[in-house]
Number of protein chains: 2
Amino acid sequence: MLQTRIDDHAPTSRESMREAQEIFYKHLKRVGLKHTDQRDTILRTFLETRDHLSTDELFRLVRKKDSKIGFTTVYRTLKLLAECGLASAVPFPDGMARYEHQFNRRNHHHMVCTECDASVEFFSPEVNKLEEEIGRKYHFDATRHNFQIYGVCEDCRKKSRRAI
Amino acid sequence: MLQTRIDDHAPTSRESMREAQEIFYKHLKRVGLKHTDQRDTILRTFLETRDHLSTDELFRLVRKKDSKIGFTTVYRTLKLLAECGLASAVPFPDGMARYEHQFNRRNHHHMVCTECDASVEFFSPEVNKLEEEIGRKYHFDATRHNFQIYGVCEDCRKKSRRAI
DNA sequence: ATGAAAATGAAATTCATTTTCATTTGGCAT
DNA sequence: ATGCCAAATGAAAATGAATTTCATTTTCAT
Ligand SMILES: [Mn+2]
Ligand SMILES: [Mn+2]
Ligand SMILES: [Zn+2]
Ligand SMILES: [Zn+2]
């Protein structure tokens, strides 16, 4: 799925990679699970991209590094990564489960083009404030929210104007 | 799915019902489709509740009125209702497609309890403003958005406190 | 009334997700 | 180092919501 990046960070560095692995393996130990090469490879692959990947998309990337890793393992590892906060689900309109990594990354939201599926990430502290305010107002202990904007991107607008 | 109502309207009146049917049948005519009893029954059933219904849930309600109407017809009619704006999909965290009717109804958002799945509807013009602002800022022609807050409701908080 | 186009609903299909299970592996205790 | 056993793996099967197919019935313009 195409994505325009607003904040252009360098790709995850070696040290950051280690740091994230640290977090992951602490989590595994905590819940009595084991360290495996497959999990290593999957985490590394996941951190290398800033895309919003479906399980299958991540599986295809992982397979390039180690063709013996199975889809099921990717699927299960993605759940573990979500458990320890390194990954989070992004509810995109194609309905498939998509994840993005949450390591050293600013909190952001998405605006998605309904014509070409391209997405832009944007930052909006106001939305976070709203979560808090509304939670308070209605006596909810608000823990997270979900905000995305749909519309037509500049490119698609240009294209359709040309088509007339 | 349990739901707490914030705005307590009376149930859809007969005249409103007619008005909505009008809209529906105008739409059908426009796209060359036909008027059927099944579609009537399904629309009526759908307007009678303010819940966020899955296709199957609506099907079960419809079946009480006319046990011969099939699931497929409900499924297809729900799509038609969405096409003409009488229904809209509500992305709830259970992952199933859920719809709510949009007839004579204030624009609202949802706060969902992650423990008991109860939802409250709330009104927040600020969110609408944000859609507009952010669209402008990033050159998107923003047409709609999606905002929900997750957390723990008062009841569930009380329950878990009692359990300690 | 007639016929063409659309609607219906049961059944089949699709496809992402999740589970099962036989086999292999990691890592702790000895 | 060796053995043990719980956990991990991955292929295959199962699940289940969403969608399509198709034989039959219904609508509606003429
Ligand atoms: Mn993102
Ligand atoms: Mn609602
Ligand atoms: Zn676009
Ligand atoms: Zn609750």
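Numbered from 1 within each chain, the chains take letters A, B, ... in sequence-line order. Side chains are part of it too, since the values below use all heavy atoms of this structure and drop only hydrogens, waters and symmetry mates.
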Given Watson-Crick and G-U pairs under 3.5 Å, DNA chain D in dot-bracket ([ ] crossing, | other strand) is ||||||||||||||||||||||||||||||

How close or far is atom C1' of dA17(D) from atom CZ of R98(B), stated in whole angstroms? 12 Å

Considering all heavy atoms of both residues, which atom of F46(B) and which atom of E100(B) are nearest to each other, and what is their separation? CZ-C, 3.4 Å

Between N128(B) and N107(B), does a side-chain hydrogen bond (donor to acceptor under 3.5 Å, both in side chains) hold up when you go through it step by step? CA-CA 9 Å; N128(B) 301 316; N107(B) 170 25; 3.2 Å; yes

Residues forming a ring-ring contact (aromatic ring centres under 6.0 Å, His included) with [X], sequence neighbours excluded:
X: H108(A); result: H110(A)
X: Y25(A); result: H35(A)
X: F147(A); result: H109(A), H145(B), F147(B)

Could you note down all residue pairs passing salt bridge (Lys or Arg N to Asp or Glu O under 4.0 Å) where residues 135-151 of chain A supplies at least one of them, sequence neighbours left out? E132(A)-R136(A)

Using chain A heavy atoms and a threshold of under 4.0 Å, write down where along DNA chain C the contacts begin and end, 5' to 3'. dA16(C) to dG27(C)

Considering only distance and modelled atom types, tabulate donor-acceptor pairs under 3.5 Å from the side chains of residues 71-82 of chain B, sequence neighbours left out.
residue: T77(B); atom: OG1; partner: T73(B); partner atom: O; Å: 2.7

Inter- and intrachain pairs under side-chain hydrogen bond (donor to acceptor under 3.5 Å, both in side chains), touching residues 60-71 of chain B, at least two apart: T45(B)-K65(B), E48(B)-K65(B), D56(B)-R60(B)

Determine, step by step, whether Y99(B) and H52(B) satisfy the ring-ring contact (aromatic ring centres under 6.0 Å, His included) criterion, reporting the C-alpha distance in whole Å, the side-chain angles of both residues, the deciding distance to 0.1 Å, and the verdict. CA-CA 5 Å; Y99(B) 295 84; H52(B) 309 99; over 10 Å; no

Which of residues 20-39 of chain A have a heavy atom under 4.0 Å from DNA chain C? K34(A), H35(A)

Sorted by chain and residue number, the side chain to side chain donor-acceptor pair (under 3.5 Å) partners of E154(B) (sequence neighbours excluded) come out as none

Just to verify, what does E133(A) make a side chain to side chain donor-acceptor pair (under 3.5 Å) with, not counting sequence neighbours? none

Within residues 63-79 of chain B: residues closer than 4.0 Å to DNA chain D (heavy atoms): F71(B), T72(B), Y75(B), R76(B), K79(B)

Once rounded to the nearest 0.5 Å, what's the spacing between atom CZ of R98(B) and atom OG of S88(B)? 13.5 Å

